[in-house]
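We count ligands from 1, going down the list as the structure has it; atoms in each ligand are counted the same way. Since this is a predicted model, take the numbers as computed values, not measurements. Every heavy atom of this structure was used, including side-chain atoms; hydrogens, water molecules and symmetry mates were not.
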Amino acid sequence: MSIAADLLPLPSSSGREWVHGALECLAQEAARSADTHLLRLDLPAFPGIDLYLKDESAHPSGSLKHRLARSLFLYALCNGRLHAGQTVVDASSGSTAISEAWFARLLGLPFIAVMPAGTAPGKVRDVQALGGRCDLVDDPAEVLAAANAHAARGACFLDQFGLAERATDWRGNNNIAESILGQMARERSPEPAWIVCSAGTGGTSATIGRYLRYRRLPTRLCLAEPTGSAFVEGWRRHDRHALASRPTVIEGIGRPRVEPGFVFEVVDRVLEVPDAASIAAAWLLEELLGRRYGGSSGTQFVACLRLAAAMRARGERGSIVSLLCDRGERYAETLFDRAWLRAHGIDTAPWEARLRAVLRDGRGFDDGDALA
Ligand SMILES: *Cc1c(COP(=O)(O)O)cnc(C)c1O
């Protein structure tokens, strides 16, 4: 291709060609990727109530963070913050780091994940397998400072917690909400009564909540969160300084503090789910779907059953949509290991019995916000 001399890029914008190439690379990746399946789960004890689960584990990097990572790279590129050969950094000990490492490799960029030193070795291995580097810091409270230190030395800080809510195109562009509603179009209750999700960065709930309003739908958004998480406390009191009242073993959600991407106003209801119930539900999902999904999928499944039981009790019909957020294989040595659960004092047996009874009878869950 020949370019007239007077149209040659200025030295200061010489990086634009690389940026264009990188954007094309991301567009190609999006074109090669299929949308994720919306699975329908039969619930014979809930006549007229249809439950759908969107399988976000089917993304190439294994979780719903594939969408976020793609958006964060696009956002950095389109803001002129990401250049050829630049190292990319983020503070993440979970699925975001894996998805970001995946995209960094696609674009040929070095990637550093800043993680607390206590992070499971399996996760460190996952990031390294994708060519990323893990910077392990001793104090978990220091991960943000460490990521900023890499940025001060020239790295591009993707900043998932700071930017998740604005990096995603909430009006459409096949965001998760648009995809769900498109997939529901031919179902008998195409406008869901509820969409259920959880909050890590808060990006997913912000996108879904905004899109429901934008499309003028009656659908309500329910947030399923580990008992006592910062979102729960903050949403109730409308307090952005709220802190979690207890820790959780459910990864990806149940943040200890209110993150910048939490948009409380678009969430209609928050349901608290104890960790043991989330884990019991994840085991149950394996039975129902024949595949393993992570703990946060269990958290959301419990909330779905509670909403369905309440709808059934009121004689309502309609659909509920929730997410299968990541692959259960990541938790083979933790949530799916009975010995690990015992060692952590988690007894899922009472919850397994209770959830089975709900699936069998369609009731047994009271409609309060917290589960005892
Ligand atoms: C990040 C994450 C969530 C929550 O999604 P956000 O959009 O970050 O709020 C739920 N489950 C898993 C496994 C996650 O990694």
Side-chain angles (χ1 to χ4, degrees), residues 36 53-59 61-72 90-102 113 115 119-120 122-123 126-127 158-170 175-177 179-180 195-211 221-226 229-232 234-235 248-264 266-267 270 273 275 278-279 281-282 285 292-303 322-331 334-336:
T36 58
L53 302 171
K54 188 156 176 66
D55 187 357
E56 291 291 292
S57 77
H59 288 292
S61 60
S63 78
L64 81 177
K65 292 301 191 310
H66 198 76
R67 294 178 191 273
L68 175 62
R70 187 193 283 136
S71 296
L72 289 171
D90 208 347
S92 167
S93 55
S95 42
T96 303
I98 295 168
S99 295
E100 288 172 342
W102 192 93
M115 303 173 158
T119 301
K123 294 221 183 127
D126 282 345
V127 171
L158 292 177
D159 194 10
Q160 60 160 338
F161 287 108
L163 300 177
E165 153 273 314
R166 73 188 73 159
T168 296
D169 187 351
W170 56 269
N175 70 41
I176 191 165
S179 167
I180 288 171
I195 295 182
V196 179
C197 68
S198 301
T201 64
T204 304
S205 52
T207 300
I208 295 173
R210 287 165 175 163
Y211 192 75
L221 178 61
C222 173
L223 212 86
E225 275 283 284
S229 79
F231 198 108
V232 172
W235 182 80
T248 177
V249 298
I250 308 301
E251 293 178 27
I253 63 172
R255 298 291 301 164
R257 54 183 50 82
V258 172
E259 301 297 345
F262 287 6
V263 180
F264 293 139
V266 299
V267 173
V270 174
V273 181
D275 284 2
S278 296
I279 299 162
L285 276 175
R292 280 185 175 178
Y293 297 93
S296 70
S297 307
T299 309
Q300 293 166 47
F301 185 46
V302 173
S322 188
L323 311 177
L324 299 162
C325 297
D326 66 348
R327 298 176 186 159
E329 286 70 26
R330 288 182 181 165
Y331 309 98
T334 56
L335 308 186
F336 286 104

Working for side chain to side chain contact (heavy atoms under 4.5 Å, CB included), residues Phe301 and Ser322: CA-CA 7 Å; Phe301 185 46; Ser322 188; over 6 Å; no

Might you list the protein residues in contact with ligand 1, defined as having a heavy atom under 4.0 Å from one of its atoms, sorted by chain and number? Leu64, Lys65, Ser95, Ser198, Ala199, Gly200, Thr201, Gly202, Gly203, Thr204, Glu251, Gly252, Ile253, Ser296, Cys325, Asp326

Ser99 side chain to His66 side chain, donor-acceptor N/O pair below 3.5 angstrom: no

Between Asp90 and Ser92: side-chain donor-acceptor atoms closer than 3.5 Å: no

Return the set of residues passing salt bridge (charged side-chain N to carboxylate O under 4.0 Å, His left out) with Arg210 (not counting sequence neighbours), or none when no residue passes. Glu165

Those residues that, when tested against Asp159, pass salt bridge (charged side-chain N to carboxylate O under 4.0 Å, His left out) (two or more places apart): none

Kindly list each side-chain donor-acceptor pair under 3.5 angstrom involving residues 253-262, sequence neighbours excluded, with atom names and distances?
| unit_1 | atom_1 | unit_2 | atom_2 | d |
| --- | --- | --- | --- | --- |
| Arg255 | NE | Glu259 | OE2 | 2.9 |
| Arg255 | NH2 | Glu259 | OE2 | 3.0 |

